[in-house]
Amino acid sequence: EKGSAPAIPVDPRFDIAYVTPVTIGTPPQTLYLDFDTGSSDLWVFSSHTLASQVRGQMIYSPEKSTTAKLLAGHTWSIRYGDGSGSLGNVYTDNFTVGGVTVTSQAVQTAQQVSTSFTSESDIHGLVGLGFSTLNTVYPNGQLTFFDNAKSQLDSPVFTADLKWKKEGTYDFGFIDETKYTGEITYLPVQTDPGYWTFTSSGYAVGDGSFNQVSISGIADTATSLTYLPTAVVTSYWRQVEGAVNSQYYGGYVFPCSSKLPSFTFGVGSANITIPGSYINYAQITEGSPTCFGGLQSSSGLGINIWGDVALKAAFVVFNGGNPPTIGWARK
Ligand SMILES: CC[C@H](C)[C@H](NC(=O)[C@@H](NC[C@H](O)[C@@H](N)CC(C)C)C(C)C)C(=O)N[C@@H](Cc1ccccc1)C(=O)OC
């Protein structure tokens, strides 16, 4: 079995996130969810979510699904690195994405969500694609959609082909050779504590020399920007006239008229180049001549994150085989 589903940018002006249509229950209820390799909970806005915290999102109503079953006595509560979070109850129900159906997927219904989720009406929940060890359901952790679907997929993989301000795809169970150029370079994955953690072999700024340095970080499809060590980020923004690390804006800002250098990162003996245009993330406010950078320091996070700004420059294979590996190809 294999499937393919679109990854639709939430805001055409800048790629805050990407959502993918899924159906849950019988008869099928359609929601648009944010597929997140940086966490492992599948949670949705629901008929249980506090009305004051719902603002236009589509919701899942288990009481309208003949195949929904309450997972009695189970709750969940999650906190993300950006400080956002949500919590609630758990059902199992039929879950389909791109034609791949899992019949008793744990679907976590939100009772409460934090303000950043309420304010993003185009994101109706998340599908965690990290390792199931990170799942927050208590007392028994639940499996991700990918872990449940793996045995029925032609190959135990999913791929991310995210695009800059355009619709990309998530594929399940197969690798589409038409989506990349050259070879895929596979790297080992550290699965503890449960992210897709890999080590990059270094970086270059623009057409500058390559700096051989190991950078351990996670591939996170639901983090908009890319957060790397301060030394790396400083050497990048030093090349941009007028760039400053603003306490006020919480990161590097620069004149929107700047022509940004590209950023190349090593994957084994190969490399991926992020075009400078991807690193011009957004104006700090509508119409401002000052823009916010898509490459920021990870020093406050305690973890390096290869988020959408990096992922959309590549074709990425999340191989759930034994052992798991992560594959990178140019496109
Ligand atoms: C189970 C919790 C999941 C796995 C959570 N994952 C994350 O926060 C990772 N992914 C973050 C998500 O991709 C987030 N950007 C989704 C959007 C829609 C809110 C970060 C680290 C890149 C996490 O690690 N939370 C930390 C909190 C944290 C993380 C990083 C820095 C600071 C604080 C925690 O609570 O771990 C138990």
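Order of appearance sets the numbers: ligands from 1, and atoms from 1 within every ligand.
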Taking only residues two or more places apart in sequence, or in another chain, which ones meet S235 in a side chain to side chain donor-acceptor pair (under 3.5 Å)?
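S235 satisfies side chain to side chain donor-acceptor pair (under 3.5 Å) with Y203 once adjacent residues are dropped.
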
Find all atoms of ligand 1 within a distance of less than 4.0 Å from any non-hydrogen atom belonging to [X], and give their numbers and elements.
X	answer
I218	22 (C)
F117	18 (C), 19 (C)
L301	31 (C)
I305	22 (C)

Write out the residue and atom name of the closest protein heavy atom to [atom], then the distance separating them to 0.1 Å.
atom	result
atom 24 (O) of ligand 1	Y195 OH, 2.4 Å
atom 1 (C) of ligand 1	L134 O, 3.6 Å
atom 5 (C) of ligand 1	R79 O, 3.6 Å
atom 16 (C) of ligand 1	A222 O, 3.6 Å

Is the [X]-[Y] ring centre distance short of 6.0 angstrom?
X	Y	value
F292	Y281	no
W196	F318	yes
F145	F35	no

[atom1] ([X]) with more than 12 external heavy atoms under 6.0 Å:
X	atom1	result
Y80	OH	yes
E183	CD	no
K166	NZ	no

Quick one: does S84 get within less than 4.0 Å of ligand 1, heavy atoms only?
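It does; at least one heavy atom falls under 4.0 Å.
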
Would T37 count as a contact residue for ligand 1, given that I'm defining contact as a non-hydrogen atom of the residue lying under 4.0 Å from a ligand atom?
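Not so, T37 does not reach ligand 1.
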
Classify the contact between [X] and ligand 1 as side chain, backbone, both or neither, using a heavy-atom distance cut-off of under 4.0 Å.
X	result
T221	neither
D82	side chain
I78	side chain

List the steps and the verdict of side-chain contact (heavy atoms from CB on, under 4.5 Å) for L87 and Q111.
CA-CA 6 Å; L87 63 90; Q111 285 179 303; 4.3 Å; yes

Ligand 1 N/O within reach of [X] N/O, cut-off under 3.5 Å:
X	result
D36	yes
D220	yes
T223	yes

How about Q108 and N135: does a side-chain donor come under 3.5 Å of a side-chain acceptor?
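Note: Q108 and N135 side chains meet the donor-acceptor criterion.
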
Select the closest option to atom 8 (O) of ligand 1 among P193, G130, G81, judged by heavy-atom distance.
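Result: the heavy atom closest to atom 8 (O) of ligand 1 is in G81.
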
Ignoring hydrogens, just give me the one of S39, G38, S114 whose non-hydrogen atom is nearest atom 6 (N) of ligand 1.
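Heavy atom nearest to atom 6 (N) of ligand 1 belongs to G38.
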
If you link ILVMFWY side chains whenever their heavy atoms are less than 4.5 Å apart, which other residues fall into the same cluster as F315? By chain and number, please.
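Cluster partners of F315: V157, I175, Y180, I184, Y186, V317.
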
Anything under 30° is parallel, anything over 60° is perpendicular, the rest tilted; go ahead and classify F117 against W43.
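Because their plane-to-plane angle is over 60°, the rings of F117 and W43 count as perpendicular.
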
So, for atom 12 (C) of ligand 1, does the protein have a heavy atom nearer than 4.0 Å?
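Yes, at least one protein heavy atom sits under 4.0 Å from atom 12 (C) of ligand 1.
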
Going through the distances and angles, do R13 and E286 end up as a side-chain contact (heavy atoms from CB on, under 4.5 Å)?
CA-CA 10 Å; R13 286 170 306 159; E286 187 71 42; 2.8 Å; yes

